[in-house]
Amino acid sequence: MHTDTDPYVRIIKKTQDRFIPFIVHWELTYHCNLQCPHCYVVPTESGKELSQEEITGILDILKESGTLYIIFTGGEILTREDFFDIAGYAREKGFALRLLTNGTLIDERVADQIEQLNPLSVEMSLYGSRPATHDRITASPGSFERSLRALKLLNDRSIRTRVKSLIMKLNAVEFQEMKKFARKIGSQFIYDTIVIPKLDGSMAPCRNCLDGEELYRLLYPEVREKGENANSLQDDLSCTAGLNVLSISPYGDAYPCMAFKESGGNLTKDSLCKIQRSPIFSKIRSITLSDLPECKGCELIPYCNRCPALAWMESGDLLGRSEPNCLLASVMRSIVHDKRRRAGTENRTPTSAQNSGRREQRS
Amino acid sequence: MEKKIPIRSPSTASQIIDEEAVVIVPSEQMVNILNSVGCRIWDLADGKRSLAEIAKIITQEYAISYETALNDTIEFARGLVEQKMMEFAGKDRKKD
């Protein structure tokens, strides 16, 4: 746990103030061996993925620019034949790696190669506690067993694993079982309830989102007494997109975050400095609460983790409402109020409600 | 001891931000912050220089006596070795 006087917190603040890309989310490929209908990825037919040489060149630039963490994601990263050459080079350069994979391509040999990388963690998607549920969502029979085998292989090698789940109508009933399951196999469990629209604008994946009642039932046991899961930023709805976070597509396009696919330039042609000074990066960094006409003054702010990218995807307006965030904030407030009422503390000043950690978010 | 050649452990991840080093040991899930002098020693521990050679550079850059620099460098390196952040290379550097 870091505090404000913690040197690490001070360094994080410095990287945000100076737009140092301390954390890089890198989609190495949009190819995947699964076909999850909720996935936001839509591969560009004409898009040419970066070569290994281009990637190592960009890694050199990132090292010089202050990057420490690289999160390699996809698509499925292990569908790239040169993945271990790329990741090995990244480790030689001293980056801290997190690997996001569906795990289905991990066997003994691949697990050994991952162990050699010394990653901070390997994060694996799991959509159910039962094979039938998971396989139905991934549209790939046997994928649950393959992912499970991968988790075991990695845990056997003392590699830190995190089971990540997106909770939707299709799997909400198994939420508590998934948590227990992750604990049992020695993995951390993280989850999200917000489904992102597809990159081509299709809202089809969002049809599986939980409604308010379902969210309430799911999250009620997760919110501790006195509403301690409420937003820690009482009067702020800012995010770190474009500050110390950078996202890179398989084609080299650079974005302020993974969900906000408006490019500030391409790292094979444009300097990082130019990209970070681009209008789109400047715009998303400059947003404050007073710029959000529908949010300023909103009583849900203490419970809200507004994502400007979601608002943009839904309405094309970075400053507009984000319905999934509004719904989630509303549910959180109801849960907090109900818990306080039941604890007989409804009239207390809700300062403690805004002071502790948020629910873990998918990154 | 001063002939030993320190090298940053290949299992670590690190970045230098404004003369401070953020060093991570993934197996320990541990983040360490090294101050200006520690960061410089970390940067110089490239597996080519001995502790004595590093101390000589620290003496010049931080205007402290060689004895102090050497003692501090040795103590610092030992601490990092204990924390799995640094290793000593196999062969000690011969005296010039």
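Just so we're on the same page: letters track the sequence lines, and every chain starts at 1.
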Fill in: Residue pair Asp17(A), Lys14(A): steps toward the salt bridge (charged side-chain N to carboxylate O under 4.0 Å, His left out) verdict
CA-CA 5 Å; Asp17(A) 290 345; Lys14(A) 194 181 285 184; over 6 Å; no
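- Of the N and O atoms on the side chains of Ser11(B) and Asn118(A), not one donor lies less than 3.5 Å from an acceptor on the other residue.
- Heavy atoms of Leu62(A) lying under 4.5 Å from chain B belong exclusively to its backbone.
- Most heavy-atom pairs under 4.5 Å with chain A: of the set Ile16(B), Asp18(B), Asn35(B), Val25(B), this distinction falls to Asp18(B).
- Under the 3.5 Å distance criterion, the side-chain polar atoms of Gln15(B) are left unmatched by any main-chain donor or acceptor of Val22(B).
- For chain B, no part of Ser158(A) is nearby; none of its heavy atoms comes within less than 4.5 Å.
- Among Leu97(A), Asn244(A), Leu120(A), Val24(A), the single residue meeting the side-chain contact (heavy atoms from CB on, under 4.5 Å) criterion with Tyr69(A) is Leu120(A).
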